[in-house]
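Remarks on the structure that follows.
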Amino acid sequence: MAKKFLSGNEAFAEGVRLAGPDVISAYPITPQTIVVERLSEMVEDGSLKAEFIHVESEHSALSCAMGASSVGARAFTATSSQGLLYMAECLTYASGGRFPILMMNANRSTALPWNIYGDQRDSISLLDHGWIQAYAENAQEALDLALIGYYVAEKKEVSTPFMANLDGFILTHTYEVVDVPTKEQAEEFLPPYDTENKLDLDNPKNLAFTAGPDYNMQFKYKAHEGLLRAKEAVKEAEEKFEKIFGRKYTGLVENYYTEDADFVLVTLGSIAGVAKEIVKRRREKGEKVGLLKIRYLRPFPNEEIAAALKGAKAVAVFEKDISFGNEGTVYTNVLSAMQKGGLAPKTSNYVGGLGGKNVSPEDIEKIFDDLKEEKEGVNFIGIGGVRH
C-alpha cells in the first residue's frame, strides 16, 4: 500500500484502476472530468487494460456501459449535474436490466440558473431510479467506494447499479494524503466479474425486454428486493475490506457520539468532516451532542437511523438539497425512519450549500445552538445571512 497526495477525483480513478473494469465509457463534464482524464492516461500507459470509449453525450455514456454489461463486461462511467439528468432515461434501463455498472457522480448544482459548483440536488432528485447511492466524506472513502461499489453491485442477489457521489469541487478537487492499495490486494478483495445475466450464444436468453401488466410489477419488485439485499452485501464487503486493507467502515450510516447524545445532527457527504470537528469540540465542553452521517441513501437505513436517534431530544437534518414546495428530501426520509421507529423528538431541517454557497463552521455551530433550544421547522442557510 502506497501513500499518495490525490484529489477526490484522482483517488476515485485509482480505485477504478484497481477494480479493473473492462470498458470505460467517458463523456467529460465539470467537475467530473479529471476522473476520466486520469483513466484515459492509465489506459494509454498500460497500467489499466480496458477499452476506453469517448462517446458523444452522457446519455450515450450510460448506454455504452449498459451494452458492455449486457455481454458480461465490468463497466464504468462518470458524470455530473445536467449530465446525470440527461442520463435519467438510461438510469431506469440500467437498474431494471439489473446491470451492475459503477458510476461516479460529481455532485453539482442543476440549472437554472446555470452553475458549475456543488450541491446534491442532481443525485438526490433521482433516488427513485433504482440505483444504490453512496456518499463519500473524503478522498480515501472515495477510492474505497470504487472497490466496494463493484463488490456490492455484482453480488448475484443484488445485481444493481451503484452510484458513488462525491461533492463537487469540495471533494473532487481538494487534495489529501490517500492510502492506495496494491493491485494484489484489490484482486484479493474483488473477485472477477461473473454473471448469468448476459447475452450468451451458448445459453441464449432475452434481456431488456417488454413486460405488460401481468409481469411488469413482478420485475419491479425483484429490482426492489435486489436493492434491499445491498444492505447485507455492504456489510459483507466492509468486513472483507477491513481484513485485507485494515480500514473499517460502518455500513449504511456512521455514528459519531450518538450513543448518549441529546442533540443530534444528521447529514451526508463532505460536510460531515466539518461537523465531526464541531461535535468533538462541544463534547470537550461537556455538551451531549452527536452526529449521524448517512453513507447510503439507497438502500435507505431506516433501522439504523431509528437506533441512532432513539435517545435524542432534538434532531436536525442538514442537506444540500430541497424538494421545492416541501422540504429537503433527506429530511423527509429521516422523518419516515423515526416514525417507523416510534420516535418523536423535536425535528428541524436546514437547507444550505445550494449552488456551491459556502457552509461555514459557524453555520454548523448555529445549528447545534438551535438544537439545544429544540427549534422546529425548515430553515435556509446563507440567504443574505438570514435564516427563515
Side-chain angles (χ1 to χ4, degrees), residues 7-9 29-32 80-85 104-127 133-139 141-142 163-174 254 256 264-279 291-295 297 315-334 347-371 375 377-388:
S7 68
N9 272 336
I29 177 173
T30 303
Q32 164 266 112
S80 179
S81 183
Q82 301 299 129
L84 178 62
L85 300 186
M104 193 215 85
N105 177 57
N107 284 122
R108 190 190 108 186
S109 181
T110 55
L112 280 170
W114 187 253
N115 182 295
I116 66 167
Y117 299 100
D119 62 43
Q120 295 165 335
R121 289 206 61 254
D122 52 359
S123 57
I124 292 178
S125 71
L126 297 170
L127 280 175
Q133 281 205 23
Y135 290 77
E137 178 184 335
N138 51 45
E141 190 169 15
M163 186 189 302
N165 294 284
L166 280 64
D167 284 328
F169 292 104
I170 294 172
L171 179 49
T172 60
H173 285 60
T174 301
E254 178 185 343
Y256 191 75
V264 180
L265 173 63
V266 182
T267 193
L268 68 162
S270 59
I271 196 67
V274 177
K276 285 177 181 176
E277 290 299 315
I278 292 167
V279 167
L291 171 73
L292 177 63
K293 183 181 83 169
I294 297 177
R295 300 185 62 236
L297 277 180
V315 174
V317 176
F318 171 79
E319 58 190 296
K320 298 179 180 181
D321 163 78
I322 184 169
S323 179
F324 296 114
N326 189 26
E327 59 198 11
T329 300
V330 180
Y331 183 59
T332 302
N333 280 255
V334 170
T347 62
S348 53
N349 185 202
Y350 290 80
V351 174
L354 301 184
K357 179 74 173 177
N358 183 54
V359 180
S360 68
E362 290 73 25
D363 289 324
I364 304 300
E365 293 275 15
K366 180 63 168 60
I367 294 175
F368 278 109
D369 289 341
D370 289 350
L371 268 170
K375 291 186 177 181
V378 180
N379 309 270
F380 292 82
I381 292 176
I383 301 179
V386 179
R387 296 166 179 81
H388 301 282

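Computed over heavy atoms, backbone and side chain alike; hydrogens, waters and symmetry mates excluded.
- Between Ile322 and Glu327, every side-chain heavy-atom pair lies at or beyond the 4.5 Å cut-off.
- The residue from Pro31, Ser270, Ser80 that alone fulfils the side-chain contact (heavy atoms from CB on, under 4.5 Å) condition with Thr172 is Pro31.
- To the nearest 0.5 Å, the span separating CG on Asp369 from CG on Leu371 amounts to 9.0 Å.
- With sequence neighbours left out, the ring pair (Phe, Tyr, Trp, His ring centres under 6.0 Å) criterion links Tyr117 to Phe169.
- Minimum heavy-atom separation, Val330 to Glu319: N-OE1, 2.9 Å.
- The backbone N or O of Asn115 lies less than 3.5 Å from no partner atom in the side chain of Ser109, so there is not a single donor-acceptor pair.
- Taking the salt bridge (charged side-chain N to carboxylate O under 4.0 Å, His left out) definition, one finds that Arg121 meets it with nothing, sequence neighbours left out.
- Checked by atom type, the side-chain pair Tyr256/Glu254 shows no donor-acceptor distance below 3.5 Å.
- Using a 4.5 Å cut-off on side-chain heavy atoms (C-beta onward), Val334 and Ile294 make contact.
- Here Glu137 pairs with Lys276, Lys293 under the salt bridge (charged side-chain N to carboxylate O under 4.0 Å, His left out) rule; sequence neighbours left out.
- Between the side chains of Asp370 and Tyr350, at least one donor N or O lies within less than 3.5 Å of an accepting N or O.
- Side-chain N or O atoms of Gln133 include one that pairs as donor or acceptor with a backbone N or O of Ser123 at under 3.5 Å.
- At a threshold of 4.5 Å between non-hydrogen side-chain atoms, the residues Ser81 and Thr30 do not count as touching.
- For the residue pair Tyr331/Thr347, the side-chain donor-acceptor check at 3.5 Å is satisfied.
- By the 4.5 Å heavy-atom criterion applied to side chains, Leu265 and Val315 are not counted as neighbours.
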Between Asp167 and Gln120, is the side chain to side chain donor-acceptor pair (under 3.5 Å) condition met? List the steps. CA-CA 7 Å; Asp167 284 328; Gln120 295 165 335; 3.1 Å; yes
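- Smallest separation of non-hydrogen atoms from Asp119 and Gly353: CB-O, 3.5 Å.
- Ile381 places none of its side-chain heavy atoms less than 4.5 Å from the side chain of Val351.
- Side chain of Arg108 to main chain of Gly355: no donor-acceptor pair is present (N/O by atom type, distance under 3.5 Å, no hydrogens or angles).
- Annotation: side chain of Val266 is not in contact with side chain of Phe318 (no heavy-atom distance under 4.5 Å).
- Leu354 and Asp321 make their closest contact through CD2-N, 3.7 Å (heavy atoms, listed as atom of the first residue, atom of the second, distance).
- Annotation for Ser323 and Thr329: closest pair CB-OG1, 3.7 Å, computed over non-hydrogen atoms.
- Counting only distance, with no hydrogens or angles, the side chain of Asn165 and the backbone of Asn107 share no donor-acceptor pair below 3.5 Å.
- In terms of heavy atoms, Asn349 sits closest to Val317 at ND2-O, 3.1 Å.
- The structure places CG of Leu84 at 10.0 Å from OG1 of Thr110, a figure rounded to the nearest 0.5 Å.
- The shortest distance between side-chain heavy atoms of Lys320 and Leu268 does not fall below 4.5 Å.
- Side chains of Asp122 and Gln82: a donor-acceptor N/O pair is absent below 3.5 angstrom, by distance only.
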